[in-house]
Each structure stands twice: as structure tokens, then as C-alpha cells.
**Q** 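First, the structure itself, so that you have it in front of you.
Side chains are part of it too, since the values below use all heavy atoms of this structure and drop only hydrogens, waters and symmetry mates. Order of appearance sets the numbers: ligands from 1, and atoms from 1 within every ligand. Residue indices begin at 1 and follow the sequence shown.
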Amino acid sequence: MRADQTIPKQKPRIVIKLSGSLFGLEDTKTLKQFAEFFVRISKICQPIIIAGGGKIARHYISHARSSGADESTLDEIGIEVSRLNAKLLIFALQGMAYPHPPVNLKEVANAADSGLVVVTGGLHPGQSTNATAALIAEKVRASTFLNATDVDAVYDSDPRKNKYAKKFKKIPLKKLRGMLVHQESVAGGYDLMDIVALKVIERSKIKTRILKADIKTLERAIKGSPEGTEITLA
Ligand code: UTP
């Protein structure tokens, strides 16, 4: 390379875990709107998206569990559904996305190097797509990990059940871990974050936010606005 040549600057990579609830909707408009948003935002960053399994995954998991399937098989069913969800978004992105959901971390990294929008589902049994998203953020050296869920932030109790629930703008990772310790570690039973996700966020100091899976909120967050709840590492 000549001394006056510079390596083209890579766009910051933003890892977005997209709530599985978006994929189980009757309407076909919402995913198309998300796809248009990802194409638009890809001018300033490279979105790397992890699709959740949502209620369709939970439906399959509970059917198979009632027939006696073991937990790791149930996890694999959840992974398959999240990959189907990822494919729906890939189709909606119409050629702007890497053409299929990568199936392991190495393939995610190679897909990210293509410069295209990358959409994947789960990767390994025994964890949630949140943990997968944290591992991907670590692998691709993402500037930010946005966990886009069906609630707008972390609360001290479930805001759907308690109208006095207190919302956190920031929450120390250790405190969030304490709140999650009693969560069920069974297929289909992971919630906002799981312990594996927190471990990865902590060891690689990944800038992480939990926020509403809504286009305007995501756009503001990508542009630096303090949306939802920030997980602090201090
Ligand atoms: P999700 O983690 O997406 O669960 O995957 P979820 O709670 O439905 O997510 P949201 O909130 O709707 O977005 C569904 C199931 O697939 C398995 C787990 O059993 C998980 O509960 N899974 C997923 C894995 O085992 N490994 C993965 O990497 C991802």
C-alpha cells in the first residue's frame, strides 16, 4: 500500500436484538417498516440484527415439552424459529442483507465483513437470543448493543403488572444480575437479559441499552440519545 493511501473507515457496527414479538404479528407492514429503517440507518452504521423467537417459539417449545422433549432439543426448536423470523426480515430487506442467517459466531463475523446488513437468529442451546446478541457484539467489536424489547426500559418490578413500577435510566450490571438470578433457565423462559449476556457485556465492556422495539426510539438511540435503560459497568 502507498503511504498516501488510507484504509476506508468502517462504519460503526450496531448490534440490535429485535424482540420476537415483532415477528408474530398478523400485519405484514411492521417488518417492512423495520427493513426500510435498517436500510436508511445503514448509511451511518452497519446494523447486525438478532431476531428473537417470540410467542411462536414459545408455542412450539410448550408443545414439544408436553410430549417429553428434553431441554436442549427445546432450545434447538427455539433457535430454528428465531432463524425463520430472521429470514422474514432478510426477505423484507430485499438484497440489502446477507442472504441467510449465519449459524455460528465465525459466520456472523464473515457476514459482517461483507458490509451488508446481517440478520441472524439464535446460535447455541442453553441461552437466549440476548446472550447470542451480546456474544455477537463482542465478536464483531460493535460500538453498541441495543436490546430492543416489548418494554421501554428496565423497571424495579413488572410494569405490566404494577403501575407504580420504578423505571431505571441507568442500572449497574451487578444490580441487574441480582434481579435476574431467580429467573428460570429453561427453554422459552429467558427474559430481558440472561446471566450469560451479562457476563459477556461485563468482560468486554460492551455499551448496552435496553429499550423499546420501536423505529423512532431505535433511531434516536443510534444517534446517541439516552433511550431506555443504560447498563453501567461501574
Ligand atoms: P429467544 O431468546 O428469542 O426467547 O429464543 P424469547 O424470550 O422468545 O425472546 P423475545 O423476548 O421474544 O425476543 C427463544 C428460545 O430459543 C432458545 C431458548 O430456549 C429461547 O428461550 N435459544 C435461542 C437458544 O437456546 N439459544 C439461542 O442462541 C437462542
**Q** Which of the atoms of ligand 1 are close to Ser19, meaning less than 4.0 Å from one of its heavy atoms?
**A**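 Within the 4.0 Å cut-off of Ser19, ligand 1 contributes 13 (O).
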**Q** What are the atoms of ligand 1, with element, lying closer than 4.0 Å to any heavy atom of Thr132?
**A** 27 (C), 28 (O)
**Q** Would you mind listing every side-chain hydrogen bond (donor to acceptor under 3.5 Å, both in side chains) that reaches into residues 31-43, with sequence neighbours excluded?
**A**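 side-chain hydrogen bond (donor to acceptor under 3.5 Å, both in side chains) check on residues 31-43 returns Arg40-Glu219.
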**Q** Would you say Ala51 and ligand 1 have an N/O pair spaced under 3.5 Å apart?
**A** no
**Q** Among the heavy atoms of Ile79, does any lie under 4.0 Å from an atom of ligand 1?
**A** yes
**Q** Using a strict cut-off of 4.0 Å, indicate which atoms of ligand 1 neighbour a heavy atom of Gly126.
**A**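 By the 4.0 Å cutoff, the relevant atoms are 25 (O).
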**Q** With a cut-off of 4.0 Å, which atoms of ligand 1 are near a heavy atom of His124?
**A** 24 (C), 25 (O), 26 (N), 27 (C), 28 (O)
**Q** With a cut-off of 4.0 Å, which atoms of ligand 1 are near a heavy atom of Gly52?
**A**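 Listed by number with element, the hits are 3 (O), 13 (O).
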**Q** For ligand 1, which atoms sit closer than 4.0 Å to a heavy atom of Pro125?
**A** 25 (O)
**Q** Using atom types as modelled and distance alone, determine if a side-chain donor or acceptor of Asn85 lies under 3.5 Å from a backbone N or O of Ala51.
**A**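 Pair absent, no side-chain N/O of Asn85 close to backbone of Ala51.
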**Q** Please list all pairs meeting ring-ring contact (aromatic ring centres under 6.0 Å, His included) that have one or both residues in residues 68-114, counting only residues at least two apart or in different chains.
**A** Tyr98-His100
**Q** What atoms of ligand 1 come closer than 4.0 angstrom to any heavy atom of Lys17?
**A**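 Atoms satisfying the 4.0 Å criterion: 9 (O), 10 (P), 13 (O).
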**Q** Would you tell me whether Ser128 and Asp194 have side-chain atoms, one donor and one acceptor, within less than 3.5 Å of each other?
**A** yes
**Q** Do we see a donor-acceptor contact under 3.5 Å between the side chains of Thr129 and Lys17?
**A** yes
**Q** Under 3.5 Å, is there a donor-acceptor pair between the side chain of Ser204 and the main chain of Ile206?
**A** no
**Q** Relative to atom 29 (C) of ligand 1, which among Gly24, Gly122, Gly78 owns the nearest non-hydrogen atom?
**A**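 The residue whose heavy atom sits nearest atom 29 (C) of ligand 1 is Gly122.
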**Q** Which atoms from ligand 1 have a heavy atom of Gln127 less than 4.0 Å away?
**A** 17 (C), 18 (C), 22 (N), 23 (C), 24 (C), 25 (O), 26 (N), 27 (C), 28 (O), 29 (C)
**Q** Does any N/O atom on Gly20 come nearer than 3.5 Å to any N/O atom on ligand 1?
**A**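 So ligand 1 has an N or O lying under 3.5 Å from an N or O of Gly20.
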